[in-house]
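Heads up: the structure comes next, in structure tokens.
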Amino acid sequence: MVVKRHCVNYDIKISSDNLNVASCIEWVSAPGCGGIDVFVGTVRSETKGKKVVRLEFEAYEAMAVKEMEKIAQIAIAKFSVHKVLIHHRTGVLDVGDIPVIIAVSAAHRGAAFDACRYAIDTLKETVPIWKREVFEDGAVWVAAHP
Amino acid sequence: MVVKRHCVNYDIKISSDNLNVASCIEWVSAPGCGGIDVFVGTVRSETKGKKVVRLEFEAYEAMAVKEMEKIAQIAIAKFSVHKVLIHHRTGVLDVGDIPVIIAVSAAHRGAAFDACRYAIDTLKETVPIWKREVFEDGAVWVAAHP
Amino acid sequence: MTISIRAFGVVKEIFGAISVNVDLPENATAKILKGHLQEIYPALSKLTSFALAVNSEYANDETVISSKDEVAIIPPVSGG
Amino acid sequence: MTISIRAFGVVKEIFGAISVNVDLPENATAKILKGHLQEIYPALSKLTSFALAVNSEYANDETVISSKDEVAIIPPVSGG
């Protein structure tokens, strides 16, 4: 399953297949850009001291790509960056797997860092994707309950 | 030509060969880490409106790896990150080529962003590497003169 | 009018379903629907928060729902 | 004593060489060497700045130089 939205300066994807960092960096790369900042999420082996067996990600795809598109558009306008790429996995992920890649290219590095951080921070607040942490003795939907 | 320094939690390299982003990310990746921030420098096609033909990088290798090692050690101590990788190219680079890769893994993303930015900002201030910008009508050593 | 509500994440467990159909007065707002759902599914009130999406956009309390809209419950997101 | 000074970047062009040998009094400091070099190579004073490295560490004005040290001029760096 793959849902995409793209444009000359942004590339949004939600996919149940592995994400590829090298091709993401290649996509945002451009002759006028002097710096690329990339955030790569990885599945941690533990949460608050509890061993994580796997993660399961579920997305409301139609809405998630729209929210990711807004993030990319705002990041480009707000930080004057060249290109923004946001790819997110769904399905079952093991420890070390990559749930999310955000790559931003810009003429100057400060803008790339700021826009990349804005994008991951906002994604975690607004994009309708949910993570279920599976432990050896049970599972929880992250952040669902206080 | 390759000069290296490494340790369990940092990896420093100055090399006249191409840098490889995917293997850098793989190196910093670890089961306990939840986020990786990567800065990729790229050769820009122009500087202040002037077309850049190529860049030439020269390093005082013995000193540069020591300064890069200090940056990695301070970044790890100051921001409590897992692993820091700093690779820098020397020699002739064309537009789009990658002069520098910095990758930082951490349990939490804020620390990875902060440490990565610290590392590239400090590298540009202290590491004895010099860049000659070659234009169609001449060349300059960047930052040499006011 | 009958509105179909899509469920994701923890809400699928609360509903025991991937969607439920509820009867609402014409021109009901998102606020009315939220109140209605909290009555039928008290477990929703135990969540950190939940929002409604109408046609895959976040709704606010005043958003009016019509029978052709795609409506979904958005429990606290946790992507990334 | 005779000290060999390595040059990098723009300093290679100023020296017209990748290293030069200069005569210094015993126990000369980095400050003395810098002044000496600026006299011989006035173009050094036109740089944004320049530092000395002794044994591949940045020297400060008080750093004492001995004949066995590896000394280098570090013009403004521009890596990254």
Side-chain angles (χ1 to χ4, degrees), chain B residues 3 5 12-15 19 39-44 47 55-71 86-91 93 98-102 116-133 138-146, chain D residues 3-22 29-31 33-35 37-80:
Chain B
V3 182
R5 289 222 173 188
I12 306 297
K13 186 169 86 171
I14 297 173
S15 166
L19 305 182
F39 177 76
V40 179
T42 51
V43 176
R44 256 213 311 270
T47 295
L55 293 189
E56 297 167 6
F57 283 89
E58 179 183 345
Y60 178 10
E61 285 96 359
M63 181 174 173
V65 290
K66 278 165 92 171
E67 291 294 325
M68 286 156 82
E69 191 173 31
K70 285 177 198 166
I71 290 171
I86 310 177
H87 286 185
H88 205 296
R89 272 289 299 279
T90 52
L93 278 78
I98 296 176
V100 64
I101 297 174
I102 298 182
C116 188
R117 197 158 182 169
Y118 165 81
I120 182 65
D121 288 350
T122 310
L123 180 146
K124 284 174 176 271
E125 281 171 14
T126 65
V127 177
I129 297 178
W130 298 273
K131 175 165 48 196
R132 189 164 172 264
E133 276 177 337
V140 293
W141 286 101
V142 176
H145 294 99
Chain D
I3 299 290
S4 172
I5 321 273
R6 298 184 63 175
F8 296 97
V10 71
V11 178
K12 284 197 303 195
E13 295 176 2
I14 292 171
F15 284 3
I18 59 166
S19 72
V20 295
N21 298 317
V22 298
T29 60
K31 189 178 183 177
L33 175 53
K34 282 180 85 171
L37 289 166
Q38 281 172 304
E39 255 176 57
I40 322 175
Y41 301 101
L44 288 176
S45 304
K46 293 187 180 147
L47 296 177
T48 309
S49 67
F50 74 94
L52 286 182
V54 176
N55 299 325
S56 63
E57 294 283 352
Y58 282 105
N60 56 44
D61 280 353
E62 292 72 41
T63 304
V64 174
I65 295 165
S66 82
S67 62
K68 285 176 182 160
D69 290 334
E70 173 170 309
V71 179
I73 296 204
I74 310 293
V77 303
S78 53

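Heavy atoms only: backbone and side chains are in, while hydrogens, waters and symmetry mates are out. Nothing here was measured: the structure is a model prediction, and the numbers come from that model. Proteins come first, then strands; the chains are lettered A, B, ... in the order of their sequence lines, and each starts at number 1.
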Any carboxylate oxygen within less than 4.0 angstrom of a Lys/Arg side-chain nitrogen, looking at B:Lys131 and B:Glu58? no

Do you know which two heavy atoms are closest between B:Phe57 and B:Arg89, and how far apart they sit? CB-O, 3.7 Å

Under 4.5 Å from any heavy atom of chain B - which part of D:Phe50: neither

Identify which part of B:Pro99 has an atom lying under 4.5 Å from any heavy atom of chain D, answering side chain, backbone, both or neither. side chain

Quick one: pull up OG1 in D:Thr48 and CH2 in B:Trp141 and give me the separation to the nearest 0.5 Å. 14.0 Å

Could you check whether B:Lys66 pairs with B:Glu69 (Lys NZ or Arg NE/NH1/NH2 to Asp/Glu carboxylate O, under 4.0 Å)? no

Side chain, backbone, both or neither: which part of B:His145 has a heavy atom under 4.5 Å from chain D? both

Partner chain B: residue of D:Leu47, D:Val77, D:Asn55 with the largest heavy-atom pair count (under 4.5 Å): D:Val77

Cut-off 4.5 Å, heavy atoms of chain D, and the answer for B:Lys124 is both

If we only count heavy atoms from C-beta on, is the D:Val22 to D:Leu33 side-chain gap below 4.5 Å? yes

Looking at every non-hydrogen atom in both residues, tell me the closest pair between D:Pro76 and B:Ala144 and how far apart they are. CG-O, 3.8 Å

Less than 4.5 Å to any heavy atom of chain D: does that hold for the side chain of B:Glu56, its backbone, both, or neither? neither

Measure distances from B:Trp130 to the heavy atoms of chain D and classify the residue's part below 4.5 Å as side chain, backbone, both or neither. both

When the 4.5 angstrom heavy-atom criterion is applied to B:Ala59 and chain D, the contacting part is backbone

Using a 4.5 angstrom heavy-atom cutoff, name the option from B:Leu55, B:Ile129, B:Ile102, B:Ile98 with the most pairs to chain D. B:Ile129

Heavy-atom distances under 4.5 Å only: say whether B:Val127 touches chain D with side chain, backbone, both or neither. backbone

Among B:Ile101, B:Thr126, B:Val100, B:Val140, which residue has the highest count of heavy-atom pairs closer than 4.5 Å to chain D? B:Thr126

Can you see which heavy atom on B:His88 is nearest to which on D:Gly80, and at what distance? NE2-N, 2.8 Å

Please classify the contact between D:Glu57 and chain B as side chain, backbone, both or neither, with a heavy-atom cut-off of under 4.5 Å. both

Which heavy atom in D:Asp61 sits nearest to a heavy atom in D:Thr29, and how many Å separate them? O-CB, 3.4 Å

